[in-house]
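Report on one structure; see the data block that follows.
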Amino acid sequence: MSFVFSEENLAKIEALKLRYPSPAALSLPCLWMAQYQDGHISLEAIEVIGELIGTPPMEIYRVATFYTMFHLEPIGKYHFQLCKTLSCALCGKAEVLEHLIQRLGIRPGESSDDGKFALSQVECLGSCGTAPVMQMNDLYYENLTPEKIDAILESLEGEHR
Amino acid sequence: MRECRIVSQKFDIYQSHKLDIAKEHGAYSSLKDAFALSPHEIVEIIKLSGLRGKGGGGAPAGAKWALMPQDGAQTSYLAVNCDESEPGTFKDRQIISKDPHLLLEGIIITCYAIRSHSAYIYIRGEYSQFAKILQEAIDEAYGAGILGADVMGLGYGVDVTIHRGAGAYICGEKSAMLESLEGKRGHPRLKPKRPEPEWYFGNPTLVNNVETITTVPYIIKHGANGYRAYGTEQSPGTLLFAISGHINKPGVYEAEFGTPMMEYINRYGGGIRGGKKLKAVIPGGASTAVLTAAEAECAILDYEHMRTIGSALGTGGMIVMDEDTDMVEALKNLLEFYHHESCGQCTPCREGTGWSDTLLGRVLDGKGSNEDIDKILELAKTMDGQTICVFAPAVAIVIRAFIGKFRDEFEARVNR
Amino acid sequence: MSQIEIVIDEKKYAAQEGLLLIDLLIREGLKVPYFCYHEALGADGNCRMCMVEIEGQKRPQIACDTNIKEGMIVRTKGQMIESVRRRILELELINHPVDCAICDQAGECKLQDFYMDYGLYDSKIDQAEKVHHKKHIDLGSNVMLDQERCVLCARCTRFTSDITKTHELGIVGRGDHARVTTMPGKKLDNPYAMNVVDLCPVGALTSKDFRFAQRVWFLTSTPSVCHGCAKGCNIFIDHNKEKYKDERIYRFRPRPNADVNGYFICDAGRLSYKELQENRQLEMLIDGMVSKEDEAVACYHKLVADGGKIVILADANLYTEELEAIQKYAHILGAQLCAPLESYRDESFGDDWLKSSQRAANAKGVEKLGIAQILSTDPVALLINFNHPDGSKIKAQKSIHLQTHQMEGKADLVLPLAPFSESSGTLVNEDGIEQFCPKAIWRNEPLMSAIEWIDLLQGGER
């Protein structure tokens with residue numbers, strides 16, 4: 001169980017080093033790359049990043065645990081992150097959450113047994129004008145309704161077929 | 001209320017994020033004017049324009065620029081803050097996705113004015129799809145010789161690098177953002193005792209919000225007075241105000257400072273949803289003191305007026321709440337936010353945000369007492385002015401305004 | 001930086017301009033509460049306890065982030081500042097288990113101290129509502145961690161990142177979920193690790209070696225110098241005498257000395273108190289048989305009177321005063337005196353900080369007194385060894401050993417010698433700094449030092 005960055009990522013890291021006064025600045029970009037590569041950030045990846053950017057692994061680990069978007073454990077492939085902050089709460093977040101719980105069969109903070117879905121409630125996504133909103137992996141889904149959730153799930157199933 | 005489009009000029013143009021479309025509509029046309037001026041002259045124009053930081057603080061931008069060393073002896077940096085995470089605020093994402101080239105134009109001018117050749121745009125991690133649009137714009141600009149070693153043949157080099165956050169509200173605090181940009185946890189730094197620039201790996205650095213930088217090309221083109229044609233004497237120009245919550249037409253609409261709040265709510269926001277009555281407005285992002293409907297009636301959207309009524313203009317992101325809103329739940333929602341987002345560095349904030357959230361939870365569950373409400377207010381006192389950054393003082397403001405103005409609703413929960 | 005005058009609590013103080021206010025407060029013995037500040041680690045500003053009032057500032061300021069300026073007027077007392085401290089302290093305790101009764105830090109805990117100074121309120125916090133973390137974590141290197149007692153001052157993590165640069169410890173997580181830990185699967189592992197126990201102002205980090213051994217309020221601290229190597233780190237010997245029993249040492253702690261060890265000691269030196277108490281030589285032995293003092297003294301005189309060449313070996317851990325007495329005595333006896341220093345060299349021990357490869361505490365003292373260091377290989381009639389480890393290398397027909405601990409090899413006469421903790425004297429460390437060590441331990445039946453033995457053997461009274 002060792003971690004190796006892809007050639008493409010290694011090239012990106014080398015290119016980025018030229019953009020910063022110190023390679024230490026690359027901990028967030030490297031953690032992102034590791035997470036996109038593996039779906040989560042393993043301790044091995046943290047060691048490798050430390051080596052690459054000349055930072056003690058403990059410091060990388062501390063960084064990884066500070067930012068809520070980094071996952072140190074594997075998480076469902078489709079990560080539904082529903083915004084729970086005020087504007088979304090005022091505009092019907094509760095109903096959407098109920099529907100998500102029902103459709104996915106998991107509660108916030110959980111991943112489905114087949115590893116396909118994960119559900120989280122997150123703080124303000126900065127999309128208050130189109131509340132309620134959620135982020136699924138890298139994409140925003142705005143002005144959510146239970147019907148929209150159904151459509152999203154259907155399209156995901158289509159992807160799998 | 002005048003129509004004004006300083007930052008949002010291209011927002012309604014189809015595919016305005018593409019370089020050729022943007023250029024058709026004037027993108028990068030201020031650069032020749034800018035480079036005809038000396039860096040010092042640009043700083044002076046910005047000072048004269050009265051441009052104020054649009055990230056929430058409203059500090060004069062020119063004065064901040066002037067803190068940057070003028071001799072160019074040391075490498076310096078521009079760090080553009082796009083960590084937009086203040087609840088109720090969603091304006092910067094409009095800029096980076098609808099008119100990224102105007103931002104890049106502003107960055108080039110700002111870099112030149114502060115003698116920097118490198119700019120970073122720190123974008124909150126969640127905004128990945130918007131960061132992608134911005135990256136495409138940057139790539140196009142490099143391809144067209146607008147960014148890189150020689151900006152449009154003007155003999156000045158500027159590199160722009162996007163740096164993605166990864167989920168931490170506190171990284172919107174400028175020193176926390178720089179820590180994060182240095183690859184560390186987003187812990188705000190101890191504040192200097194006298195005015196000085198920010199520091200990035202020990203190098204002098206200017207930190208400005210995306211919208212502030214995006215305003216710069218207009219000022220260069222139209223002069224300080226052109227900008228001052230909008231707004232008020234002390235709050236000149238415009239802001240991308242935003243409106244959300246119980247409102248018919250939520251969104252981001254640019255307006256000049258000095259616009260009456262209700263006019264904005266009714267004209268741009270299309271009034272309260274479902275024809276209901278207004279109960280309260282959080283005027284400028286979650287961290288500004290909530291206003292009652294009566295206060296909102298006479299509120300005017302500029303820095304000075306908002307302060308005189310005991311609140312703040314903040315980011316200009318208004319959250320509208322109608323008559324049916326449960327203010328206890330609304331405060332609980334915000335306290336959960338602050339509890340989740342405290343970096344945990346200073347004791348009063350780390351423990352105070354969590355404890356006030358827990359106590360309000362008691363109240364909400366019907367297990368609270370009047371003492372708990374008073375205790376939350378006392379915690380607000382402990383969090384106010386005792387910490388490294390203004391996160392905890394903001395929580396204190398939020399608590400005081402909600403409980404102070406809607407105490408009967410909190411007490412009703414206790415007596416149930 | 002120039003010398004300036006500032007006013008603290010209506011009294012004038014002179015100090016260097018720009019000095020940290022907290023350093024001045026500590027130096028002048030003015031009461032100021034703090035968790036995160038430490039002279040060796042600098043300011044971090046996270047605990048917010050060291051609030052003072054500064055005239056002209058609208059809010060209270062932390063003394064650890066305030067540089068003093070001419071004419072500054074500071075107040076460390078008064079209702080306002082005490083109320084601020086009280087309220088912040090209350091927050092420190094919100095998620096703390098308040099388990100003082102079973103906490104080993106009790107008695108030397110800053111939370112307890114400050115509570116007595118500023119707190120004294122009734123807590124209305126329900127245990128069930130507290131944030132819970134892990135307890136009883138064995139970090140390695142004899143250090144135990146209780147995350148719930150931690151106040152997140154970051155002293156321990158700053159120690160491993162800034163001082164040892166080994167980076168084992170870190171604060172992970174965010175907000176009230178922040179906690180101190182090692183990387184999963186990794187241990188705290190460096191030769192100075194146990195200093196984090198002293199640095200910890202509360203009961204979060206405790207020493208596995210010391211915890212539950214003794215309540216600290218029973219302990220007496222005597223200043224001394226570690227005898228683990230030639231560095232001469234300053235220590236406190238913490239000891240206690242229970243009724244009827246012999247006095248015991250429970251721990252060594254570092255004693256700050258900017259010229260020698262700063263604020264720290266190595267773990268090897270810290271734990272060397274154990275060897276000091278084990279395998280002690282307490283009896284007088286003639287041909288391996290326990291004997292009485294008069295018999296032993298008679299035996300000694302007989303062995304010396306038998307004539308022939310005498311060699312005296314002296315331990316380079318003895319105090320300078322003892323070495324001088326031995327030197328004089330050797331002269332009287334016409335004996336050859338040597339104290340080979342090579343015997344103490346241990347290249348695997350030394351580093352570039354506080355650990356010296358020369359492991360004799362008074363090696364420099366030996367050099368200064370001009371005592372020969374060559375180990376004589378010629379056969380001799382009699383060896384008198386004052387605790388030198390290489391006594392068995394001397395080819396002697398007869399031998400007398402004065403020793404603190406039981407040693408390998410046979411001697412015709414063995415006399416028990418008081419170790420450094422049971423006598424007093426001066427050491428010269430490897431940098432030439434002379435340091436005095438008072439007597440710390442008073443045994444029910446005291447052992448004699450080298451000086452006392454020489455007095456007695458020269459016909460003096462015990």
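Quick note on labels: first sequence line is chain A, next is B, and so on, each numbered from 1. Note that the coordinates shown come from a computational prediction; the quantities given were computed from them, not determined experimentally.
Residue B/S128 is tested with A/D138, A/N137, A/L139 for a side chain to side chain contact (heavy atoms under 4.5 Å, CB included); the sole match is A/D138.
A donor-acceptor pair is defined here as one N or O able to donate and one able to accept, closer than 3.5 Å; such a pair exists between the side chain of B/H246 and the backbone of A/L90. Using a distance-only test at 3.5 Å, with no hydrogens or angles considered, no donor-acceptor pair links the side chain of B/S244 to the main chain of A/S87. The backbone N or O of B/G165 lies less than 3.5 Å from a partner atom in the side chain of A/W32, making a donor-acceptor pair.
For the residue pair A/Y67 and B/S180, a side-chain donor N or O sits within less than 3.5 Å of a side-chain acceptor on the partner.
Minimum interatomic distance between B/I282 and A/L86 (heavy atoms only, all atoms of both residues): CD1-CD2, 3.5 Å. Closest approach of A/R19 and B/D159 over heavy atoms only: NH2-OD1, 4.0 Å. Summarising the geometry of A/C91 relative to B/G245, their closest heavy-atom pair is SG-O, 3.4 Å, with the distance given to 0.1 Å. The shortest non-hydrogen separation linking A/S27 to B/K184 is OG-N, 4.4 Å. Of all the heavy atoms in B/P87 and A/C128, the pair that sits closest is C-SG, 4.3 Å. Nearest heavy-atom pair across B/E126 and A/Q135 is O-NE2, 3.0 Å.
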Evaluation steps, ring-ring contact (aromatic ring centres under 6.0 Å, His included), between B/Y120 and A/Y20: CA-CA 9 Å; B/Y120 303 99; A/Y20 291 89; 5.0 Å; yes

For B/F90 and A/C124, what are the C-alpha separation, side-chain angles and deciding distance, and is it a side-chain contact (heavy atoms from CB on, under 4.5 Å)? CA-CA 10 Å; B/F90 46 102; A/C124 188; over 6 Å; no

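For B/E323, the CD atom is densely surrounded, since the number of other residues' heavy atoms within 6.0 Å is greater than 12. Residue-environment remark: CD (B/Q129) exceeds the threshold of 12 foreign heavy atoms within 6.0 Å.
Using a 4.5 Å cut-off between heavy atoms, A/L16 contacts chain B through its side chain alone, with no backbone atom that close. With a 4.5 Å cut-off on non-hydrogen atoms, B/I162 touches chain A through its backbone but not through its side chain. For chain B, no part of A/A131 is nearby; none of its heavy atoms comes within less than 4.5 Å.
Salt bridge A/E59/B/R185: absent, no basic N to carboxylate O contact under 4.0 Å. Under the 4.0 Å criterion applied to side-chain N and carboxylate O atoms, A/E142 and B/R93 are assigned as salt-bridge partners.
Counting heavy-atom pairs under 4.5 Å between each of A/L26, A/V63, A/L31 and chain B puts A/V63 at the top. When A/G126, A/S127, A/S22 are compared by the number of non-hydrogen pairs under 4.5 Å with chain B, A/G126 comes out ahead.
Counting only heavy atoms from C-beta outward, the side chains of A/L28 and B/R164 never approach each other to under 4.5 Å.
Going from atom CD of A/E123 over to atom CG of B/L334 covers 9.0 Å, rounded to the nearest 0.5 Å.
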